[in-house]
Amino acid sequence: MWNAGAVRIDFHASPRPTVGVEWELALVDRHSRDLRNDAADLFSAVADRLPDPGRLHKELLRNTVEVVTGVCDTVGDALSDLRSIVLPVLEAADGLDLDLYGAGTHPFASWAGQQLTEGHRYAELIERTQFWGRQMLIWGVHVHVGMPSQERVLPVLTSLLTWYPHLQALSASSPIWGGLDTGYASNRALMFQQLPTAGLPFHFERWEEFEHFAADQLETGVIDELSEIRWDLRPAPHLGTLENRVCDGVSTPRELGALTALIQCLVVDLDARLVAGESLPTMPPWHVQENKWRAARYGLDAIVILDDDNRERLVTDDLADLLDRLASVADRLGCSAELADVATIVERGASYQRQRAVAERTGDLVAVVDAVVEELRESW
């Protein structure tokens with residue numbers, strides 16, 4: 001029995017700022033471009049071709065697979081790790097008339113026709129969340145960065161929320177849902193927070209406050225295990241990482257590398273500033289919440305709040321200065337090329353902008369899926 005205030009959560013610190021990536025991908029039919037509930041068949045077809053079958057995971061719905069790296073020292077290593085899994089998965093998918101789809105939402109698939117993956121954990125989630133849980137046709141990217149000290153995790157996490165909208169705007173890839181343009185760059189961001197333990201994290205200053213929170217959640221039955229705390233940013237104590245779950249799904253390794261590099265550089269920079277005795281920048285929770293909404297709504301056109309003095313700025317202008325500031329950090333971490341690709345996303349247009357351009361040009365949502373699939377297939 002868990003007792004309030006009695007839960008001890010040991011953070012297994014990482015001696016290096018390692019990086020790990022979890023990339024959720026949807027399965028779409030090669031002809032209709034609708035979702036297919038055939039993850040089990042894909043697992044069977046690819047199992048003998050994978051260097052490590054444990055790097056391909058099941059997810060809530062049978063229309064989804066998750067590609068997972070090992071513990072990597074650099075962003076380049078993480079991308080190489082993903083490549084070793086994605087290429088055989090693509091090959092196996094060919095034999096099933098399937099394609100991999102990398103975006104935050106599918107533009108026209110019906111949530112009612114999707115099948116749940118077997119397992120008590122998934123069934124319990126749907127039983128509890130009902131309507132909102134059944135509608136979770138959403139996909140994202142999770143990036144883990146190793147943290148060297150338990151005491152520094154929460155201060156860095158809270159400060160990282162200052163750049164939440166930058167990450168959301170860059171990765172936004174879910175403008176169309178249920179056949180309609182939602183008007184949002186990231187509909188996924190606002191859908192996912194409907195789950196009872198998802199959304200923005202609480203602001204905790206000390207690890208003991210997080211432990212007390214977890215004890216309350218466990219004792220009252222809100223969660224059965226820590227992994228059910230589904231915050232956009234959360235500690236992963238068993239891995240010794242700070243896990244960033246802000247980003248929508250992405251379609252190319254280049255974009256994935258850019259986002260991973262930006263996240264790793266931000267975490268390492270904030271941690272170094274904390275160790276140096278600097279007071280890390282933070283914002284009131286109401287500004288963080290507003291910035292999340294602005295980035296989800298307007299994407300790269302969002303004007304975001306910068307600080308508790310209420311200064312505001314176009315997110316892309318602030319990103320340009322941020323990239324300059326993080327250049328030396330990226331050089332030390334060996335991810336300068338990947339960090340530079342953040343600017344390429346802005347220049348080329350984020351996925352939500354590219355999807356809308358296809359929809360406006362063709363008037364055809366099947367063509368939107370074609371475009372996302374083609375980006376992923378051709379980029380490997």
Side-chain angles (χ1 to χ4, degrees), residues 14 17-27 39 42-43 46 50-89 100-105 117 119 121-122 125 136-147 157 160 167-168 170-171 173-174 186 188-189 192 195 197-198 201 225-264 266-267 338 376 380:
S14 171
T18 54
V19 64
V21 179
E22 303 168 0
W23 186 18
E24 296 172 347
L25 296 164
L27 306 179
L42 182 58
F43 272 90
V46 78
L50 295 176
D52 181 356
R55 300 287 172 80
L56 189 66
H57 291 180
K58 297 178 181 179
E59 272 296 322
L60 172 67
L61 297 174
R62 297 186 191 183
N63 58 38
T64 301
V65 296
E66 183 182 57
V67 183
V68 180
T69 71
V71 178
C72 302
D73 285 317
T74 68
V75 176
D77 290 343
L79 292 175
S80 295
D81 217 356
L82 289 172
R83 182 183 179 85
S84 71
I85 305 298
V86 171
L87 288 179
V89 171
L100 302 183
Y101 175 85
T105 57
T117 299
R121 176 188 173 199
Y122 296 132
L125 173 65
M136 290 293 135
L137 292 188
I138 56 175
W139 301 275
V141 171
H142 306 163
V143 177
H144 292 259
V145 179
M147 288 290 295
L157 184 156
L160 191 57
L167 296 169
Q168 183 68 81
L170 286 165
S171 67
S173 62
S174 48
S186 175
R188 168 192 167 271
F192 188 56
L195 296 183
T197 61
E225 54 187 60
L226 290 179
S227 63
E228 294 174 1
I229 299 172
R230 299 182 176 90
W231 293 337
D232 299 334
L233 288 168
R234 66 181 183 181
H238 63 300
L239 299 174
T241 65
L242 177 53
E243 182 182 4
N244 192 308
R245 300 154 55 86
V246 171
C247 297
D248 276 13
V250 301
S251 61
T252 70
R254 190 171 183 180
E255 288 183 327
L256 190 57
L259 293 164
T260 302
L262 180 55
I263 291 167
Q264 187 188 28
L266 278 168
V267 171
E338 291 89 354
L376 192 151
W380 290 98

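The model shown is predicted, which means the values in this text are computed figures rather than measured ones. Atoms considered below: every heavy atom in the structure, side chains included; atoms not considered: hydrogens, waters and symmetry mates.
- Nearest approach of Phe192 to Arg245, heavy atoms of both residues: CZ-NH2, 3.7 Å.
- For Thr241, the side chain to side chain contact (heavy atoms under 4.5 Å, CB included) criterion is met by His144, Ala236, Leu239, not counting sequence neighbours.
- Note that CZ of Arg230 is 5.0 Å distant from CG of Leu125, once rounded to the nearest 0.5 Å.
- In this structure Arg55 satisfies the salt bridge (Lys or Arg N to Asp or Glu O under 4.0 Å) test together with Asp52, Asp81, sequence neighbours excluded.
- Among residue pairs with one or both ends in residues 67-78, those qualifying as side chain to side chain donor-acceptor pair (under 3.5 Å) are Arg16-Asp73, Thr74-Asp77; sequence neighbours excluded.
- Taken to the nearest 0.5 Å, the CZ atom of Arg188 stands 5.0 Å off from the CG atom of Asp248.
- Under the side-chain hydrogen bond (donor to acceptor under 3.5 Å, both in side chains) criterion, Glu24 pairs with no residue, sequence neighbours left out.
- Evaluated for a side chain to side chain contact (heavy atoms under 4.5 Å, CB included) with Leu233, the options Ile263, Leu167, Leu160 yield exactly one hit, Leu160.
- The distance from the CH2 atom of Trp139 to the OG1 atom of Thr105 is 7.0 Å, given to the nearest 0.5 Å.
- Annotation for Gly240 and Ser14: closest pair O-CB, 3.7 Å, computed over non-hydrogen atoms.
- Every residue meeting the side chain to side chain contact (heavy atoms under 4.5 Å, CB included) condition with Leu376, not counting sequence neighbours, appears here in chain and number order: Trp23, Leu25, Leu90, Leu100, Trp380.
- Listed by first and then second residue, the salt bridge (charged side-chain N to carboxylate O under 4.0 Å, His left out) pairs that reach into residues 58-71 are Arg62-Glu118, sequence neighbours excluded.
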